[in-house]
Amino acid sequence: MRKLLKPKWLFLFFWGIVVFASILILPNITTFVNEQTAMPQDATTSPKYQQQWGHGLTNSQSLTLVFNNSNGKLSKQQRQQISTTLAKLNRRADDYGINQLRTPTGMTNDRHLLRSNDGSTELALVAVQTSRADLSVIANQLNNAIAIADLNTSVTSTDLIYQQHVQQQRRNLLISMLVGSLLSLIILGLIFRSLLVPLLNLLCQVVTLITTISFITNARLAWHWPLTANALSLAGLISLILTSLLTWHFMYAYWQSSAPTAPTTVSLKILTLQYRQWALVFIPLILITITLHWTAFISLAAAWAITVALGITLLAVPPLNYAFTAWLGDNLFWPGTTAWPTRPRNLWGQLSKFGYWQPALGSLAVALLLLPGLILANGQFADDNLRPWRQNQLSNAELGQQLVQAHFGTGATAPITITLRAPQNLTQQQSLQTIDHLTTKLRAVPNVAQVISVTQSTGQPLSNFYVNQQLGTINIDLAGKLTSMAKLKSQLTTDQQSLEQAATSRHTKSVDQLSDRINDLAELNDQVQRQLQAIDTTLTISAEVEPDLTKVNQQVTKLDHLTGRMTTALNHVVTAQTTVATEAGHVDQRVHHVNQSLKQTVQPLTTLLASLKNTKTYLHTRGAS
């Protein structure tokens, strides 16, 4: 048990536990790198703002779908194919996590903004519900979904291109680190004629690299320190280089020590000496990189990652080398037992003496060495040219970015967004006037080609929405309303005349006359009925005694007189009824025409009243603003 408590074993156990813990808490590096593009506060404030202002676009990423005809204008058939493809895509919005799809066939403003002036390119804007880490996966799926024969189709965005550049740089850096590590292994093996030294150096590189990357990523996630993907890669590269340098220095000092002492004692002495020497180099670098943490430039502020790499390398490599040398002793240099001897004369010393002896010839020799490099040097494309470092072929996203820039301008791919926030609602008239005034002022700034805002959605002032233009429109509208009212007045006058021509008063008088005739006829009918009853009574009495013929003749004559009067009254009733029926037909026809005319008048009158109410509301709102 006491053997395990010795420093060499404690160092090995300690760093073994550190590496194991670092692996456990290490996040997904690809996802982590894809999410690092801005200062730390952006990662926390953007979702909050999206929840307040985003209209359902919280945590969504924007992508641009590009459709281009390289042979000229898009034909009618090609436009139809694009519309059909986008319609299918919209129907499968849930499959791709699409929250919003803006197409050229949507609103008038989108048709103006998403179609190029030359007619060869159309765009569609997609907001997808995904994290930045999965953006490239969704982009590939969308690119397959929008493929159309004879058209160049691309899915692009600045974030997508950035991720592709970072991925390409990460691959190149990984290759460089592997090659560098392999070269360090070969060089250390040749220097010390050993297989164990480079293998132990590789183990130290693995320890420092895993611990450094794990610490940096978790510090970024926990404290939101500024970080870039390049800073993470640079920290890893520094760890590998310094690990090899410290290992070489430790092993070289151990090999040079020829004192007949125990390996543990020699190793401890070299460990102390190494900390004394390298602390003078590392501590100033650590202080400088820590100071840069408070700068405004994110590339310099991310220098704290280098601090972590320097600190972990200095803490890990010397103790591990001490543990290895104390554990293996002279067997460390297996299969050789001696390293290459030091050379009193070397190439650099001879060249320096030659330069001191003949400066002109030395300068000429340097020029001859530099000249082939200058002649054979190749310019590297910058990211502004959409070509990642050492990448000769454009990706799909970069091709789409170039198409958009060629047909729409650079501002369409990476516009400058100015955000306004106010305590009151910005849709009020006064606020909209302020936004419109600000838009006009921004357009007047030199080198500004176009400014789009809520009041100038097409990039140009919309005169129809200005008050002076609206007042002219209102005047025209009111003049039209006056004409409509004149027509309605004329129609109502015509209906009034039709009712007057219906002669309802004369029809009423005829009805009264008919009623009088019917009353006279009813009275005569009662008299005839009474006369018949009188005759019946006389005839009944005559059946018992001798009849009085004179009385009977008188009653019959009276009955005949009443019958004649009744016939005359009945003829009068028929005549009056005919007159009433004739006049009633004329009145009904007139009234029917008036009813039809009034039905046709009600709808225009209702529309006119509603329009006048809207005009009144608008004028009241303008007066209040």
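The basis for the numbers below is simple: all heavy atoms, side chains too, and nothing from hydrogens, waters or symmetry mates. None of these values were measured; they are calculated from a predicted model.
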Rounded at 0.5 Å granularity, tell me how far [atom1] in [X] sits from [atom2] in [Y].
X      : Y      : atom1 : atom2 : result
Phe32  : Leu26  : CZ    : CG    : 9.5 Å
Leu209 : Thr243 : CG    : OG1   : 8.5 Å
Leu242 : Thr212 : CG    : OG1   : 10.0 Å

Are [X] and [Y] close enough that a side-chain donor and a side-chain acceptor fall under 3.5 Å?
X      : Y      : result
Thr156 : Gln401 : yes
Ser157 : Ser62  : no
Gln205 : Ser244 : yes

Do [X] side-chain atoms and [Y] backbone N/O form a donor-acceptor pair below 3.5 Å?
X      : Y      : value
Trp225 : His293 : no
Tyr96  : Ala139 : no
Gln274 : Leu271 : no
Asn321 : Val317 : yes
Ser214 : Ile210 : no
Ser181 : Met177 : no
Thr85  : Ala145 : no
Arg102 : Leu125 : no

Aromatic plane relationship, Phe215 with Trp223 - under 30° parallel, 30 to 60° tilted, over 60° perpendicular: tilted
Verdict with reasoning, Ser267 to Thr325, per side-chain hydrogen bond (donor to acceptor under 3.5 Å, both in side chains): CA-CA 6 Å; Ser267 299; Thr325 52; 2.5 Å; yes
Closest contact, heavy atoms only, Thr295 versus Ala301: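 Looking at all heavy atoms of both residues, the shortest contact is OG1-N, 3.4 Å.
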Pairing residues for Phe11 by the ring pair (Phe, Tyr, Trp, His ring centres under 6.0 Å) criterion, not counting sequence neighbours: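 Only Tyr322 meet the ring pair (Phe, Tyr, Trp, His ring centres under 6.0 Å) criterion with Phe11.
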side-chain hydrogen bond (donor to acceptor under 3.5 Å, both in side chains) contacts touching residues 278-292 (sequence neighbours left out): His249-Trp278, Thr289-Thr307
My understanding is that only residues two or more places apart in sequence, or in another chain, count here; which of them pass side chain to side chain contact (heavy atoms under 4.5 Å, CB included) with [X]?
X      : answer
Ser116 : Asp118, Ser120, Thr121, His407, Phe408
Val179 : Ile175, Leu183
Phe14  : Val18

side-chain contact (heavy atoms from CB on, under 4.5 Å) partner of Asn201, the single match among Thr247, Leu240, Leu196: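 Result: among Thr247, Leu240, Leu196, Thr247 is the only option passing the side-chain contact (heavy atoms from CB on, under 4.5 Å) with Asn201.
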Passing candidate, side-chain hydrogen bond (donor to acceptor under 3.5 Å, both in side chains) with Asn396, options Thr153, Asn152, Asn143, Asn140: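 Result for side-chain hydrogen bond (donor to acceptor under 3.5 Å, both in side chains) with Asn396: Asn143.
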Chi angles and distances behind the side-chain hydrogen bond (donor to acceptor under 3.5 Å, both in side chains) call for Ser395, Gln164: CA-CA 8 Å; Ser395 65; Gln164 291 178 350; 2.4 Å; yes
Salt bridge (Lys or Arg N to Asp or Glu O under 4.0 Å) partners of Asp95, counting only residues at least two apart: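 Once residues adjacent in sequence are excluded, the partners of Asp95 under the salt bridge (Lys or Arg N to Asp or Glu O under 4.0 Å) criterion are Arg92.
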Trace of the side-chain contact (heavy atoms from CB on, under 4.5 Å) decision for Ser136 with Leu160: CA-CA 6 Å; Ser136 59; Leu160 188 60; 4.0 Å; yes
